[in-house]
Amino acid sequence: MSGPTSKATATGRLTAPVLMLLLAGLALVLGLLVYLADRRASGAMLLPRAAALGTGPLFAAAGTWLPSFIHPFAFSLLSAAALPRRDGPAYGAVVAWWAVDLAFELGQLPQFSTPIAQALQASLGSHEPAQALSRFLLYGRFDPADVMALTAGAMAAAGVLRQLYRWENRYEP
């Protein structure tokens, strides 16, 4: 069965997927700013060390949990925008990213981090992705506040998807 269609593209209005991309992009820029301003230059694998702003804590206490909120929020919206339109919001994307983030957070617990890191080293050797993931698991710190933040980010993404679905269907003929 075909999902809802909108006359948004024909009339020049923003479509729900475009709004999802915009919201996700804004969230990712905010997350990048947290890493540039509040985190150590070596704290993010994909950022060059020279990119740190050195401004000191711009986000204060929120800088500790904001990336955990942003990741499932933004990637849920990006995934939902990429999926074919259906008869309802793409909550599966939200659940998938929540589960991924939760698995990485739980993977930092000592009872999981060491066996997983050892298995990565045994199976993938010294390849950089395996090394980076091992370092993340072994030197990261499980934080219940991150679990709450990633759950809140997933719930916020689900709320956005629900609202955008309702908004998108207002334009039905």
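Small disclaimer: the values here were computed from a predicted structure and weren't measured.
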Strictly distance-based, threshold 3.5 Å: is any side-chain N or O of [X] a donor or acceptor partner for the main-chain N or O of [Y]?
{"X": "Gln108", "Y": "Arg141", "result": "yes"}
{"X": "His71", "Y": "Ser68", "result": "no"}
{"X": "Trp97", "Y": "Phe75", "result": "yes"}

Enter the distance from [X]:[atom1] to [Y]:[atom2] here, rounded to the nearest 0.5 Å.
{"X": "Asp146", "Y": "Asp101", "atom1": "CG", "atom2": "CG", "result": "9.5 Å"}
{"X": "Gln118", "Y": "Leu137", "atom1": "CD", "atom2": "CG", "result": "12.0 Å"}
{"X": "Tyr165", "Y": "Arg85", "atom1": "OH", "atom2": "CZ", "result": "9.0 Å"}
{"X": "Leu133", "Y": "His127", "atom1": "CG", "atom2": "NE2", "result": "14.5 Å"}
{"X": "Trp98", "Y": "Ser76", "atom1": "CH2", "atom2": "OG", "result": "11.5 Å"}
{"X": "Leu161", "Y": "Leu23", "atom1": "CG", "atom2": "CG", "result": "10.0 Å"}

Leu150 vs Trp65, side-chain contact (heavy atoms from CB on, under 4.5 Å): CA-CA, chis, key distance, verdict:
CA-CA 8 Å; Leu150 70 90; Trp65 57 262; over 6 Å; no

Identify the two heavy atoms, one from [X] and one from [Y], that lie closest to each other, and give their separation to 0.1 Å.
{"X": "Pro67", "Y": "Val34", "answer": "CG-CG1, 3.8 Å"}
{"X": "Ile70", "Y": "Ala27", "answer": "CG2-O, 3.3 Å"}
{"X": "Met20", "Y": "Ala81", "answer": "SD-N, 3.5 Å"}
{"X": "Ala90", "Y": "Leu83", "answer": "CB-CD1, 3.9 Å"}
{"X": "Pro17", "Y": "Glu168", "answer": "CD-OE2, 4.1 Å"}

Exercise: do Gln121 and Ser134 side chains pair donor with acceptor under 3.5 Å:
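Gln121 vs Ser134: donor-acceptor pair found between side chains.
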
Consider only side-chain heavy atoms of I, L, V, M, F, W and Y, link residues closer than 4.5 Å, and tell whether [X] and [Y] are in one cluster.
{"X": "Leu26", "Y": "Leu32", "result": "no"}
{"X": "Val29", "Y": "Leu21", "result": "no"}
{"X": "Val95", "Y": "Leu106", "result": "no"}
{"X": "Leu14", "Y": "Leu164", "result": "yes"}
{"X": "Met155", "Y": "Phe73", "result": "no"}

Could you work out, with ring-ring contact (aromatic ring centres under 6.0 Å, His included) as the rule, every residue matching Tyr91, not counting sequence neighbours?
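ring-ring contact (aromatic ring centres under 6.0 Å, His included) list for Tyr91, sorted by chain: empty.
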
Any residue meeting side-chain contact (heavy atoms from CB on, under 4.5 Å) with Val147, in chain and number order, not counting sequence neighbours:
Leu102, Glu105, Phe142, Thr151

Between Val18 and Leu22, is any pair of side-chain heavy atoms under 4.5 Å apart?
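Sidechains of Leu22 and Val18: in contact.
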
Below 4.5 Å, heavy atoms only, C-beta onward: do Leu77 and Val94 meet side chain to side chain?
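No, too far: nothing below the 4.5 Å cut-off.
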
